[in-house]
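Just so it is clear: chains get the letters A, B, ... in the order the sequence lines come, proteins before strands, and each one is counted from 1.
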Amino acid sequence: MSLLTFENKEGTLTLMVDGNVLSTNIKALREESLQLINGEDPSVGPWDTLVVDVTQAKMIDSTGLNFLVFLCRFVKKKQARMGILVGSASVQKSLTFVRLDRQANITLVS
Amino acid sequence: MLLTQPSSLASSGSPKKGTVLLIDDEALILESSKDIAELLGYTAITANSVSEAERILTQEGTRTFDCVVTDYKMPTKTGLELLEWLRQFDPNLSIIVSTGYAGHKDVASMLRHGALDVLNKPVPLDVMRIALDKGVKKTNDLREQNKQRHSILQVAEVYQYLFQLHGVIDSPQADMCFIPMHQAGGDFVIMDETVRRRLLMVADVSGHDLDSAYLSAYMQGAATGLLKGGYNPARLLRELNHFLLEKWNARGFEDFADGVNEASVCCLLVEMNRSTGRVVLHNNGIPEPVYTRPNGRSETQGVRGCPLGLYDEMDTEVMELPGTDGEILVWSDGLEDFAREVQIASEALAYRLLNCANRDAQIDLLKEAEDDVLVVRFRLKDSFDQFRPIVLFEAHGGQAKDIDSIEDFWSRSITYALPDISEDALYGILLVSREGFLNAIRHGCSGDPEKKCSIQMHYHPSFSTFRIVISDPGQGYDDTYLVDEEPDLEQERNSGLILMRNFPDHVNIERRGATVIMDFYLKKPENLEV
């Protein structure tokens, strides 16, 4: 079962994560994401902005944060931009603790 | 017209099988029914109308009769109206309706209103025999059950009195919750205090019937008397074991219909020497008590030992408590079973029960419980508040894969114990617990299923502080890892430590990080009551 859905609208690729981002599902999530962002899937199309939508995540643990950091580094190498949509102040707090707010635009969607 | 006068009841001999009231407006059928009932061994009283039947039942009392057989269709009032009228006064008295006219709807209506059976007229002898036997038996069974229920309520009153008598309710030394499954049960608690020692006795008598309740009441009295007479715990336990084996279990219980032939008693005695503060536990079958130090560290004490009443040779687990202050939490099997049923930690259930505003709230929480539930919190010193356990959990090094279900268990337990905890606080607690516990499993236990690590969650109600202590058997590593200021984004692996450093209000480490203590200062909930 897929953990991700995506949408590419005028070069803004949005990855929508369905649920928590935790050590127990991170491997599959990482593989699915890589296939979408590294050009392996022709249906994705070109993009210059990556938005990761984790509004459905009630919890993101350290491996989940590491995964977001990995995406930030990937996007930076590609010289693209990145945004993260979160669904709770607590999740936003976690991202801020690991300074992801300095790497990407974080938006709290209430 | 009344064919047989009710006054004849007083002068007639004892009925062989019971007394029935027969109602029909047709004299010949009524007379024939009477003959059949008497032939079948019943005393039969007759009435030719519902009004007449109501008068007889009112005058003689419904308990004079063991069954009522009424015609359905009669002038002025029907058998259904009699049924409705009688249900108000005696729901236990069986009513059988006989009819030659009723359709399916009428029959359904009569059964819905509590008719035991609906018979087609004319009623053959064998059908009447089966119906009357069944009706009389049902009435007697219901009356017997009612009588037992009444007795149980009386025993329950005695129970409450005994608890008060033995100084447990309202004692400043203890908090207690006891909710028996059937108003009265087999669990009991005694507190006894002399100049030299303070003693707590917690016991759980097997079974849930009146027999257990009577044995429990007897043992409470016997134990109290023996303690007042100077018996020490070991001698008291020997005496109770002897009584159970040689007296109680030697009765002819095998004759009992329910097959009960053995009684056993689980029993824990906590004895504190008041001059030295030394505390010794004597356990015969009670779940291992939890000893909690004031600083929020808990230890499960010893093993259960064997219940009393089973063997001549007693297998009592005796051990000394490794401290002289703090609290002991003791519960009976029923609490563990119910906690397992609702998938929370026993400590969380105990905390919530002991925090309930009143007994009704406790009963409401335990309405699905299938056993008596008893929990007692006993203070070793005269202090009222300290850290109290919410979750005490152990895992082995191979359980990293189970972390999601483990976290769910913590979450359910915390929200059960502290229903008013904020979502933000819960998020932080669960996140750092997960991070710390995964570190303990992966690094402290090196993923080895033979090694164990633990997490303890305690709450201090006065300070509104939630304390998490995670310990593993490893050597720890860099003492400074929790005071590192700048996260290194190129080093993905330190994110968990950053979360553990930043989410709690206070963090401390011991044993070079093999034990991590994290405190969350929760805003004091306005209402912790159920």
Seminar exercise, completed: Output for pair (A:Asn25 CG, B:Asp404 CG), nearest 0.5 Å, gives 7.5 Å

Exercise. Checking A:Ser23 against chain B: side chain, backbone, both or neither under 4.5 Å from a heavy atom?
Worked result: both

Exercise. Within a reach of under 6.0 Å around CG of B:Asp337, are more than 12 heavy atoms found that belong to other residues, nucleotides or ligands?
Worked result: yes

Exercise. So how far is it from B:Asp424 CG to A:Ser88 OG, rounded to the nearest 0.5 Å?
Worked result: 7.5 Å

For this session: Mark yes when over 12 heavy atoms from residues, nucleotides or ligands other than A:Glu40 sit less than 6.0 Å from its CD; otherwise mark no.
Result: yes

For this session: Please indicate whether A:Lys78 has more than 12 foreign heavy atoms, meaning atoms of other residues, nucleotides or ligands, lying under 6.0 Å from its NZ.
Result: yes

Exercise. Should the heavy atoms of other residues, nucleotides or ligands under 6.0 Å from CZ of B:Phe463 be counted, would the total exceed 12?
Worked result: no

Exercise. How far apart are the closest heavy atoms of B:Phe503 and A:Ser90, and which atoms are they?
Worked result: CZ-O, 3.8 Å

Exercise. What distance separates B:Leu499 CG from A:Lys93 NZ, expressed to the nearest 0.5 Å?
Worked result: 10.5 Å

Exercise. Quick one: OG on A:Ser94 to CG on B:Asn502, what's the gap to the nearest 0.5 Å?
Worked result: 9.5 Å

For this session: Under 4.5 Å heavy-atom distance to chain A, tell me which part of B:Leu430 shows up: side chain, backbone, both or neither.
Result: both

Problem set entry | Reported OG1-to-CG distance for the pair A:Thr63 and B:Leu438, which is rounded to 0.5 angstrom | 8.0 Å

Problem set entry | Interatomic distance, A:Ile60 atom CD1 to B:Ser495 atom OG [nearest 0.5 angstrom] | 11.5 Å

Problem set entry | Winner by heavy-atom pair count (cut-off under 4.5 Å) against chain A, out of B:Lys401, B:Glu435, B:Glu423, B:Arg434 | B:Arg434

